Amino acid sequence: MALVAVADGCLIGGLIAGPLIPLALQLAAHGPHAVVHVALNTIMIRAVAVLPQHRSYGVGRALLREAVGTARRARVPIIYGQFDTATAGLDEFYRRCGMIVTKPGAALAFSDYLAAPVRHVPPTGHALFYLPLGTVDRMRECSRPAR
Ligand SMILES: CC(C)(COP(=O)(O)OP(=O)(O)OC[C@H]1O[C@@H](n2cnc3c(N)ncnc32)[C@H](O)[C@@H]1OP(=O)(O)O)[C@@H](O)C(=O)NCCC(=O)NCCS
């Protein structure tokens, strides 16, 4: 997913999101269907940014809202991302945009949303944010090894 914010014909912000392949590959031993299941049912927000002079006007929130709306329409059960805790205010930004923000270093387990035993552990100095949008349990076999 690639979203852009435009004002007066100029690009003022953007958001990039999509599946995190290493997350999906945690289920490689369960077979390709399990990998595809995770890739199609998780969206990681990889970057969101607004030009400094256009910040604090709701552009970042609008980009996140659009990403969440797209995920909902696609019936993706969870959207998430990570941020550097050294950057002041990002935890507040994500909270104010309706995200759940974890403690720095805390992992996110996807088993409640995907019925698949994958988890995302943030790198050192990072925390996660996420928003559950539903559950997918039609692929319970993803948690069983492939034969
Ligand atoms: C983070 C960023 C995208 C926010 O964009 P923005 O357009 O200024 O955000 P919004 O105006 O939509 O803010 C939404 C809410 O978050 C709050 N917020 C935004 N930035 C904040 C900050 N640094 N500290 C505290 N609150 C913040 C706003 O006050 C607003 O809250 P409210 O309307 O409920 O009062 C922007 O600051 C940015 O581009 N930063 C540099 C890139 C970056 O660090 N991206 C995130 C990691 S990839």
Side-chain angles (χ1 to χ4, degrees), residues 1-30 32-139 142-143:
M1 189 188 319
L3 305 174
V4 293
V6 176
D8 297 328
C10 296
L11 183 70
I12 61 164
L15 179 152
I16 299 172
L20 181 67
I21 298 307
L23 184 80
L25 287 177
Q26 287 177 23
L27 289 192
H30 297 252
H33 71 291
V35 175
V36 171
H37 173 69
V38 175
L40 293 180
N41 284 290
T42 52
I43 291 181
M44 182 187 197
I45 295 175
R46 310 299 292 267
V48 53
V50 176
L51 283 181
Q53 65 270 34
H54 292 278
R55 289 179 191 165
S56 302
Y57 294 109
V59 177
R61 173 183 281 133
L63 287 163
L64 276 182
R65 192 188 298 131
E66 188 61 28
V68 168
T70 300
R72 272 191 211 285
R73 288 191 290 278
R75 296 177 188 269
V76 171
I78 185 164
I79 188 164
Y80 72 104
Q82 65 189 30
F83 62 92
D84 188 341
T85 53
T87 308
L90 283 183
D91 53 346
E92 189 61 20
F93 165 67
Y94 287 117
R95 262 190 216 101
R96 288 194 170 263
C97 290
M99 299 284 164
I100 298 166
V101 175
T102 66
K103 290 193 179 120
L108 175 59
F110 290 82
S111 44
D112 289 347
Y113 314 104
L114 296 182
V118 290
R119 61 204 295 265
H120 180 72
V121 182
T124 305
H126 286 65
L128 303 180
F129 64 89
Y130 67 100
L131 184 64
L133 303 171
T135 56
V136 175
D137 62 6
R138 62 183 182 272
M139 290 285 288
C142 282
S143 53

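Only this structure's heavy atoms are used, side chains among them; waters, hydrogens and symmetry mates stay out. Atoms within a ligand are numbered from 1 in the order they appear, just like the ligands themselves. Small disclaimer: the values here were computed from a predicted structure and weren't measured.
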**Q** Where is the nearest protein heavy atom to atom 15 (C) of ligand 1: which residue, which atom, and how far?
**A** Arg61 NH2, 3.7 Å
**Q** Which bit of Arg55 is near ligand 1, meaning a heavy atom under 4.0 Å away: side chain, backbone, both or neither?
**A**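 Both backbone and side chain of Arg55 come within 4.0 Å of ligand 1.
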**Q** Can you list the atoms of ligand 1 that are under 4.0 Å from a heavy atom of Ala88?
**A** 23 (N)
**Q** With no hydrogens and no angle check, is any side-chain donor or acceptor of Thr42 less than 3.5 Å from a backbone partner on Pro19?
**A** no
**Q** So, taking the atom named CZ in Phe110 and the one named CD in Gln26, what distance separates them when rounded to the nearest 0.5 Å?
**A** 8.5 Å
**Q** Measuring from Ile43:CD1 to Thr70:OG1, what's the distance to the nearest 0.5 Å?
**A**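 Those atoms lie 7.5 Å apart.
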**Q** Side chains of Phe93 and Leu64: closer than 4.5 Å at any heavy-atom pair?
**A**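 When only atoms from C-beta onward are counted, Leu64 and Phe93 do touch, with a gap below 4.5 Å.
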**Q** With a 6.0 Å cut-off on the ring centroids, do Phe129 and Tyr80 count as close?
**A** no
**Q** Answer with yes or no whether Tyr57 contacts ligand 1, where contact means a heavy atom under 4.0 Å from a ligand atom.
**A** yes
**Q** Check if Tyr94 has a non-hydrogen atom at a distance under 4.0 Å from any atom of ligand 1.
**A**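 Yes.
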**Q** Is Val50 in polar range of ligand 1, meaning some N or O pair under 3.5 Å apart?
**A** yes
**Q** What's the spacing between Lys103 NZ and Leu128 CG if we round to 0.5 Å?
**A** 13.0 Å
**Q** Which residue from Gly98, Cys97, Gly58, Gly13 reaches closest to atom 10 (P) of ligand 1 through any of its heavy atoms?
**A**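 The residue whose heavy atom sits nearest atom 10 (P) of ligand 1 is Gly58.
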**Q** So which bit of Asp84 gets within less than 4.0 Å of ligand 1, heavy atoms only: side chain, backbone, both or neither?
**A** neither
**Q** Val59 heavy atoms, cut-off 4.0 Å: which ligand 1 atoms fall inside?
**A** 7 (O), 12 (O)
**Q** How far is atom 24 (N) of ligand 1 from its nearest protein heavy atom, and which residue and atom name does that atom have?
**A**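 For this ligand atom, the closest protein heavy atom is Gly89 CA, 3.3 Å.
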**Q** Side chain or backbone of Ala62 under 4.0 Å from ligand 1, or both, or neither, by non-hydrogen atoms?
**A**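 For Ala62, no heavy atom sits under 4.0 Å from ligand 1.
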**Q** To the closest 0.5 Å, what do you measure between CZ (Arg46) and CD1 (Ile16)?
**A** 9.0 Å
**Q** Can you list the ligand 1 atoms lying under 4.0 Å from a non-hydrogen atom of Ser56?
**A** 6 (P), 7 (O), 8 (O), 11 (O)
**Q** Tell me the protein heavy atom at minimum distance from atom 7 (O) of ligand 1, and give that distance in Å.
**A** Gly60 N, 2.8 Å
**Q** Report yes if the side chains of Leu108 and Pro122 come closer than 4.5 Å at any heavy-atom pair, otherwise no.
**A**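 No, every pair of side-chain atoms sits at 4.5 Å or beyond.
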**Q** For ligand 1, which atoms have a heavy atom of Val48 less than 4.0 angstrom away?
**A** 3 (C), 42 (C), 43 (C), 45 (N), 46 (C), 48 (S)
**Q** Measuring only between side-chain heavy atoms, which start at C-beta, is Leu114 closer than 4.5 Å to Pro77?
**A**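 They are in side-chain contact.
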**Q** Could you tell me if the side chain of Arg119 sits less than 4.5 Å from the side chain of Leu23, heavy atoms only?
**A**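 The answer is no, as the side chains (C-beta and beyond) never meet within the 4.5 Å cut-off.
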**Q** Heavy-atom contact under 4.0 Å between Pro52 and ligand 1?
**A** no
**Q** Show me which atoms of ligand 1 lie under 4.0 Å from any heavy atom of Glu92.
**A** 25 (C), 26 (N)
**Q** Identify, for atom 1 (C) of ligand 1, the protein heavy atom at the shortest distance, and state residue, atom and that distance.
**A**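 Nearest protein contact, heavy atoms only, for atom 1 (C) of ligand 1 is Leu90 CD2, 3.6 Å.
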**Q** Out of Phe93, Phe129, Phe83, who gets a non-hydrogen atom closest to atom 4 (C) of ligand 1?
**A** Phe93
**Q** Does the side chain of Ile79 come within less than 4.5 Å of Leu133's, by heavy atoms?
**A**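 Yes. Closest side-chain heavy atoms under 4.5 Å.
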**Q** If you have a sec, work out which protein heavy atom is nearest atom 28 (C) of ligand 1 and how many Å separate them, to one decimal?
**A** Arg96 CD, 4.4 Å
**Q** Side chain of Asp8, backbone of Cys10: donor and acceptor closer than 3.5 Å?
**A**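 Not at all, since once roles are kept as given, no pair shorter than 3.5 Å links the two residues.
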